[in-house]
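Data block below; observations after.
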Amino acid sequence: MKKKPVKKVLLSLALALILPMISCLGSAGANSEDGVKYEFEDGVNNGAQIYTDYKGETDDGTPFDLSGATCIFIGQKGTSTSVNVEVDKEGIYELIVRYAEPFDKNKKVQYLNVNDANQGEVSFSYTLEWKEISAGIVKLGAGTNNIEFESYWGYTFFDYLIVKPADESITNLKVSKTLTNPNASKEAKSLMSYLCDVYGKHIISGQQELCGSHNYSGAEAEFTYIQEKTGEMPALRGFDFMNYRGNGLFWDDLCAERVIEWYNEKNGIPTVCWHWFSPANIGKSADNSFYTDSTTFSISKALTPGTQENTALLNDIDFMATKLQQLEDANVPILFRPLHEAEGGWFWWGAEGPEPCVELYRLLYDKFTNEYGLDNLIWVWTSYTFATSSQWYPGDDVVDIVGYDKYNAKDGLPNGSAISATFYSLVKLTNGNKLVTMSENDTIPRVGNLINESAGWLYFCPWYGWWLTGEQNNPVDWLTEMYKSEYCITLDELPDLKTYPISGFESTPTAKVTPTSTKTTPTPTPNTVLIGDVNGDGSVNSIDFGYYKMYLLGTIKDFPVENDLAVGDLNNDGSINSIDFGYMKMYLLGMIKVFPIAS
């Protein structure tokens with residue numbers, strides 16, 4: 001086992017001293033608060049065209065007028081425009097670009113390269129006239145730096161670039177120790193406290209596991225691979241609750257049990273995503289019905305009370321609550337990442353635009369946090385850096401961490417950039433109020449780039465299989481370099497997550513609000529027993545269904561309530577068995593209004 005913890009304390013202290021100095025350096029020199037302007041026609045243009053007072057028409061014949069400027073147009077992939085900028089001091093700077101993009105009513109995306117290193121992608125939304133936007137926040141060295149926009153989707157006009165010192169509130173990476181749920185569990189607070197303490201000073205190593213049942217050979221392939229190549233294990237493990245479904249479609253791949261084992265026995269950090277199949281298979285045209293191309297399931301209909309889509313959606317949510325409750329009962333906190341990559345539009349939850357997606361996210365938060373009282377969840381929202389990304393953001397009151405799924409290896413080569421422009425754009429999305437992480441990725445950024453570019457990603461987490469093991473994604477020497485570095489936190493270097501101090505944690509607990517159930521509830525017996533309420537929470541719902549399943553499988557020997565037989569024997573045959581399980585299922589599906597014992 002490598003002896004890095006003491007060194008890391010020293011490195012943390014050094015970084016704590018250096019980072020404020022970098023911010024100060026970036027604010028000084030010849031670059032005023034308004035910035036310095038650079039014209040692209042005076043720069044270096046590769047295959048680009050130069051126009052003065054350009055006028056043209058869109059593909060549908062709409063005229064546009066870019067008079068008053070000499071500009072650069074990049075079209076096909078491989079063309080680019082760049083300028084050399086001068087700064088007196090090394091520091092963190094914001095790039096403001098003036099552009100026009102009249103050809104795609106959605107957007108065009110271009111690569112941003114700084115000193116020949118890719119720093120991410122910049123989205124240029126549709127506009128028939130000149131428009132200024134922030135192209136990102138990057139670290140620049142003292143002296144000459146080259147800023148280049150390289151065609152990815154092309155067909156964008158560029159006028160000028162402004163370089164100015166970045167706002168210190170964005171670059172200091174100081175995030176308050178708080179969670180959106182004021183009733184968060186002690187374990188959730190301890191985990192969040194640790195994450196806040198290491199943010200911007202180290203990066204936590206992570207790895208996504210292969211989905212599905214783990215009772216087969218190769219289930220631990222990614223983790224075995226990492227250990228064999230580096231001698232280390234990742235500190236964070238990614239799980240997928242994709243197989244936990246309501247509406248009678250549940251398949252138990254024991255993922256919840258693996259989450260519990262990872263945290264309670266391995267002392268690892270668990271993060272959970274949810275590839276949500278179309279509820280009740282409505283609109284399904286292929287097995288991977290979480291994809292828009294594989295289902296016609298409508299999120300708008302699902303948010304409309306009384307529709308079959310709404311019933312199916314709520315059944316899925318109710319069932320998912322039983323699995324999340326299983327984790328809370330085991331005192332396991334998780335980084336919960338539902339509705340990921342919504343803005344891409346390739347999943348059904350993002351197919352109809354930002355408004356219904358935000359509504360669904362906030363519904364999930366309300367159901368799980370307020371109705372079910374799940375206090376073990378740290379909420380992660382996966383964002384992008386498009387001009388429209390703020391419209392998709394669910395709100396500071398329901399998001400604890402902002403994530404970004406990075407897949408930018410290109411031309412068969414790995415991309416070890418820290419994409420600092422992307423990182424700081426995400427920091428800016430919430431005015432620096434939230435932790436920012438690389439929730440999925442192909443190539444893990446190289447250590448030197450993370451440090452040199454001051455990109456403070458909280459953790460990395462490559463997707464499984466080829467995304468980790470392919471040499472064009474993660475060369476073995478790069479992987480080893482990361483895992484062996486002082487900057488990277490591995491599993492053996494985590495503190496005891498259950499007892500990590502929560503001093504300085506900002507929280508004001510408030511009373512939980514439990515919405516009134518609209519479901520018909522079985523009539524209590526004279527001794528106030530609520531038939532079917534086997535967990536004693538005052539209502540009969542899918543959580544009770546989950547307890548029946550665990551009871552019949554032998555996972556638990558007793559229900560949480562004291563009088564098991566009086567509450568759980570739904571047909572009054574003197575025992576709790578699969579017949580009662582069937583009656584509970586029929587009740588939750590609305591097939592019966594009361595249990596046989598009540599009638």
Polar side chain donor-acceptor pair, Y464 to T469, under 3.5 angstrom: no
Looking only at heavy atoms, what is the nearest atom pair of G268 and L491, with distance? CA-CD1, 3.8 Å
Determine the minimum heavy-atom distance between S123 and I133, stating which atoms define it. O-CD1, 3.7 Å
Residues E220, R237; criterion salt bridge (charged side-chain N to carboxylate O under 4.0 Å, His left out); working and verdict: CA-CA 11 Å; E220 296 291 317; R237 183 166 179 145; 2.9 Å; yes
Looking at D442 and K406, does any basic side-chain N land under 4.0 Å from a carboxylate oxygen? yes
Please work out which of the three classes, parallel, tilted or perpendicular, describes the rings of F239 and W262, given edges at 30° and 60°. perpendicular
L429 versus S390, closest heavy-atom pair with distance: CD1-CA, 3.9 Å
Are side-chain N/O atoms of T180 and D397 paired as donor and acceptor at under 3.5 Å? no
For T224 and Q227, which I'm curious about, is there any donor-acceptor pair between the side chains at under 3.5 Å? no
Please check this pair: side chain of D411 against backbone of L413, looking for a donor-acceptor N/O pair closer than 3.5 Å. no
For the student: nearest non-hydrogen atoms of V83 and E39, plus distance: CG1-O, 3.6 Å
For E343 and Y393, test the side chains for any donor-to-acceptor distance below 3.5 angstrom and give the result as yes or no. no
How long is the span from the CG atom in L191 to the CG atom in L497, to the nearest 0.5 Å? 6.0 Å
Is there side-chain contact between Y93 and N145, with at least one heavy-atom pair below 4.5 Å? no
E148 vs S80, test: side chain to side chain donor-acceptor pair (under 3.5 Å). Steps then yes/no. CA-CA 7 Å; E148 179 186 53; S80 65; 3.0 Å; yes
For the side chain of T58 and the backbone of P102, is there at least one donor-acceptor N/O pair under 3.5 Å apart? no
Going by atom types alone, do T382 and R337 pair a side-chain donor with an acceptor below 3.5 Å? yes
Please check if the side chain of T292 supplies one atom and the backbone of G345 the other of a donor-acceptor pair under 3.5 Å. yes
So, S134 versus E94: side-chain donor-acceptor pair below 3.5 Å or not? yes
Can you tell me how far CH2 of W467 sits from CD of E440, rounded to the nearest 0.5 angstrom? 9.5 Å
Given the rule in the side chain to side chain donor-acceptor pair (under 3.5 Å) test, do E86 and Y38 qualify, once you have shown the distances and angles that lead to the verdict? CA-CA 10 Å; E86 299 287 337; Y38 298 87; over 6 Å; no
Does S439 offer a backbone N or O that forms a donor-acceptor pair with the side chain of T437 under 3.5 Å? no
Close side-chain approach of P333 and Y263, heavy atoms under 4.5 Å: yes
Between W381 and W392, is the ring centroid distance below 6.0 Å? no
For a 4.5 angstrom cut-off between non-hydrogen side-chain atoms, does Y424 reach V436? no
Classify the ring geometry between F64 and Y54 as parallel (under 30°), tilted (30 to 60°) or perpendicular (over 60°). tilted
Just so I know, are the side chains of Y194 and L494 near enough to count as touching, which here means a heavy-atom distance under 4.5 Å? yes
Please examine the side chains of F103 and F157, heavy atoms only from C-beta on, and report whether any two atoms are closer than 4.5 Å. yes
Checking S205 side chain against A235 main chain: does a donor-acceptor pair fall under 3.5 Å? yes
Is it true that the side chains of Q110 and T156 contain a donor and an acceptor less than 3.5 Å apart? yes
Close side-chain approach of Y361 and P338, heavy atoms under 4.5 Å: yes
Regarding D197 and Y500, is there a side-chain donor-to-acceptor distance under 3.5 Å anywhere? yes
Side-chain heavy atoms of V163 within contact of L140, under 4.5 Å: yes
Y384 vs Y404 aromatic rings, parallel, tilted or perpendicular, using cut-offs 30° and 60°? perpendicular
Check for a donor-acceptor pair, side chain of E471 on one end and backbone N or O of V476 on the other, with a separation under 3.5 Å. yes
For K410, does the NZ atom have more than 12 heavy-atom neighbours from other residues, nucleotides or ligands under 6.0 Å away? yes
Heavy-atom donor-acceptor pair, D65 side chain to K55 backbone, under 3.5 Å: no
State the CG-OG distance between L435 and S176, to the nearest 0.5 angstrom. 10.0 Å
Could you check Q119 against T422 for side chain to side chain contact (heavy atoms under 4.5 Å, CB included), going step by step and ending with a plain yes or no? CA-CA 7 Å; Q119 295 302 324; T422 300; over 6 Å; no
Cut-off 3.5 Å, side chains only: do N115 and N146 have a donor facing an acceptor? no
Would Q208 and C273 count as a side chain to side chain contact (heavy atoms under 4.5 Å, CB included) if you check the C-alpha gap in whole Å, the side-chain angles of each, and the deciding distance to 0.1 Å? CA-CA 10 Å; Q208 182 75 23; C273 69; 4.2 Å; yes
Backbone of T230 reached by a side-chain donor or acceptor of K484 within 3.5 Å: yes
Salt bridge (charged side-chain N to carboxylate O under 4.0 Å, His left out) pairs touching residues 95-123, sequence neighbours excluded, are D60-K105, R98-D159, D104-K108
Would you mind reporting whether N408 and Y111 have side-chain heavy atoms less than 4.5 Å apart? no
Atom CG in L66, atom CZ in F73: separation rounded to 0.5 Å? 10.5 Å
Atom CZ in R446, atom CD in E481: separation rounded to 0.5 Å? 4.5 Å
Backbone N/O of D477 and side chain of T480: donor-acceptor pair under 3.5 Å: no
Determine the interplanar angle of the F290 and F347 rings, folded into 0 to 90°, and report it as parallel if under 30°, tilted if 30 to 60°, perpendicular if over 60°. perpendicular
If only side-chain N and O atoms count, and only distance matters, is there a donor-acceptor pair under 3.5 Å linking T443 with N415? no
Main-chain N/O of G448 paired to Y487 side chain as donor or acceptor, under 3.5 Å: no
Mind running ring-ring contact (aromatic ring centres under 6.0 Å, His included) on F158 and F124 for me, showing each step along the way? CA-CA 11 Å; F158 292 87; F124 297 91; 5.3 Å; yes
Minimum heavy-atom separation for I502 to K189, with atom names? CG2-C, 3.6 Å
Contact summary for I74 and F149, nearest pair of heavy atoms: CD1-O, 4.0 Å
Nearest 0.5 angstrom please: L377 CG to L179 CG, how far? 10.0 Å
